[in-house]
Trainee: 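Let me begin by handing over the structure; questions about it come next.
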Amino acid sequence: MFSNKYKVVCFRGIVPLVVSSLLLLCSCRFGDEDNLDSLAKRTRSLTYFASVTLPTLSYSDEPVEDWGTEGLNLNWGKSVELAVFADEFVTSKDSTGKVIEPDAFHLSYDYYQDATLQRQTQPAVLDFQFTTQAKHGYGDKYATEVNLVYPYSKALDGSGTVRSAYCDSLAMDFTGQDGRLTTVRDKYFLALGKARAVSSKNEVTLLGSDEDSVVQLQPKVAIVRFSLIVPAQRDYSLLEFLHGLNMTQPGHYIERITLTNRQADAGAISRAWLNLESGWMESQRNAIPSLTLSDANLFWNHEEIQQDEAQPLRDAGNGQTSWGTSFYVAFPCVEEGTLPLDLQLTVNVRRSGTTPDQDYHFYGTIQPVTLEEGGYYVTSAVRLQMATEEATEPASICKVP
C-alpha cells in the first residue's frame, strides 16, 4: 500500500499534466481561429463551388429569343464557358525561377456531357466545382471578391492568350456588328457576376448579392432593336422598298448602316473596357461616337415585322408601333451603367456596278434616351428620308418589358 504522502505527491504531479494536456487540446481545437492571419497566407488546394444564372425570362434551348414587347429571353444554350478572376489564386515558378501569374480559371459546361449540372427545378442555373491553389482565410472575416465573366472568350487578349487571374480590366470592341441578334449574342454580349467567396476548411463557396447561393450574372451591354421603314406611295419596310426598286432597276442593296451618337457629353460607343474592380464599362481612349454595320449577306436575311403584325409600344404613346426591317445593336453603357443616346441613322444603298459617290442615302432619327446596362430596347418604326432636313420625325424608343 502507498502512503498518503505519496498519493499527495502523485496528485500534485498529475494535476499540472492534465491541465497542460487540456490546454494543448484546446489549442489544437481553436488554433485556426486564433491564427487566421497565418491561414490566410498559406497556400492550399481549395475547392470552389459556384451556382450562376442569367436574367432569363423562361428556359429555352436557344441562347437568345426576341419576344418583342415581352423582352429578350437570354439562355445558356448548348454550351457555356466562363472565366474566373481572383486575387487569391497563387503564383508559381518555372524551372528558371521566373514567377508566373495564374491564368483566369476556365469553367465549361456542355449540355450533352454535363446534363447533371443543370438543375431540374431551375434550369437556368448552372452549378460548377473547381479546385485550384489559392490563399484564403477561414470564415466571413476573410471573405474575398471573385469576378465571374461570361463568356470566357472575353478573358483572351488580341493574340488569343488567356489573361491573368489578377487582370483588372477587359477590352471590348463593338465595331463589326452586322445587325443580327445571333451575332450580338455570340460576339458582343458580356455579363459579369461579382461573388463573395467564403472559405470553410478547404472549400470555398461563391455567394451572390444578399448572401444568395446563386450568383446573378449582370449583362454589361444594352441591346436595341431598330425597325426601319421607307414612306413612299405608302409605308414599306426597308427591304420591301428595295425589292420594289429592284423590279425596275435591279442591283440595289444595303451597303452599310451607320449609327452616330450626337449626344455631346456621352461616352464613345465603339470600344470599351470592363473595369473588374468597379464593375462598370468605361469608354476606351481611342473610341469614337459611331458604329458602322455591315453584313456579308447585304442585310437581305434580316427579320421583318409586317405592318399588319406591328407590335404596339404601350409606353410610347400616340399609338406607336414597332414594325419594318429589323436589326439589333449592342451598346456599351459607359456612364456608370448608363449611356445617353441621341442617334442619327444613315443607310447607304448602292447599286451593283456603281461607285460609292453614287450611293443613295436614307436618314432617320431616334428620340434621345438613356440606355441602361442589361436593358432591351425597341424602337417604333423609324421613317427613313432621303435628306437629313426631312428626317424631323424621330422614332420612339422604349425599354421592354
Trainee: Within the distance-only criterion (no hydrogens, no angle test), does the side chain of Lys194 pair as donor or acceptor with the backbone N or O of Leu276 below 3.5 angstrom?
Mentor: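 Yes.
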Trainee: Would Tyr328 and Tyr188 count as a ring-ring contact (aromatic ring centres under 6.0 Å, His included) if you check the C-alpha gap in whole Å, the side-chain angles of each, and the deciding distance to 0.1 Å?
Mentor: CA-CA 11 Å; Tyr328 301 81; Tyr188 300 95; over 10 Å; no
Trainee: For Tyr376 and Trp67: C-alpha separation, side-chain torsions, deciding distance, then whether ring-ring contact (aromatic ring centres under 6.0 Å, His included) applies.
Mentor: CA-CA 11 Å; Tyr376 177 51; Trp67 285 10; over 10 Å; no
Trainee: Aromatic ring centroids of Phe105 and Phe128 under 6.0 Å?
Mentor: no
Trainee: Taking the side chain from Thr56 and the backbone from Leu74, do they hold a donor-acceptor pair closer than 3.5 Å?
Mentor: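 Yes.
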Trainee: Quick one: list whatever passes side chain to side chain donor-acceptor pair (under 3.5 Å) with Asp186, sequence neighbours left out.
Mentor: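 Here no residue qualifies.
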Trainee: Has Tyr360 got more than 12 heavy atoms of other residues, nucleotides or ligands less than 6.0 Å from its OH?
Mentor: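 12 or below, so no.
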Trainee: Is atom CD of Glu303 surrounded by more than 12 heavy atoms (other residues, nucleotides or ligands) closer than 6.0 Å?
Mentor: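 Result for CD/Glu303: open.
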Trainee: What donor-acceptor contacts under 3.5 angstrom involve side-chain atoms of residues 389-401, with partners at least two apart or in another chain?
Mentor:
{"residue": "Lys399", "atom": "NZ", "partner": "Glu372", "partner atom": "OE1", "Å": "2.9"}

Trainee: Looking only at atom types and distance, does a side-chain atom of Trp280 sit under 3.5 Å from a main-chain N or O of Glu335, one as donor and one as acceptor?
Mentor: no
Trainee: For the residue pair Thr379 / Ser227, report whether a side-chain donor-acceptor contact shorter than 3.5 Å exists.
Mentor: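 No, Thr379 and Ser227 have no side-chain donor paired with an acceptor closer than 3.5 Å.
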Trainee: Kindly say whether the aromatic ring centers of His302 and Phe327 come within a distance under 6.0 Å.
Mentor: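 No, ring centres 6.0 Å or more apart.
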Trainee: Assess the side chains of Asn73 and Glu65: does a donor N or O sit below 3.5 Å from an acceptor N or O?
Mentor: yes
Trainee: Below 4.0 angstrom, N of the basic side chain to O of the carboxylate: do Arg196 and Asp140 qualify?
Mentor: yes
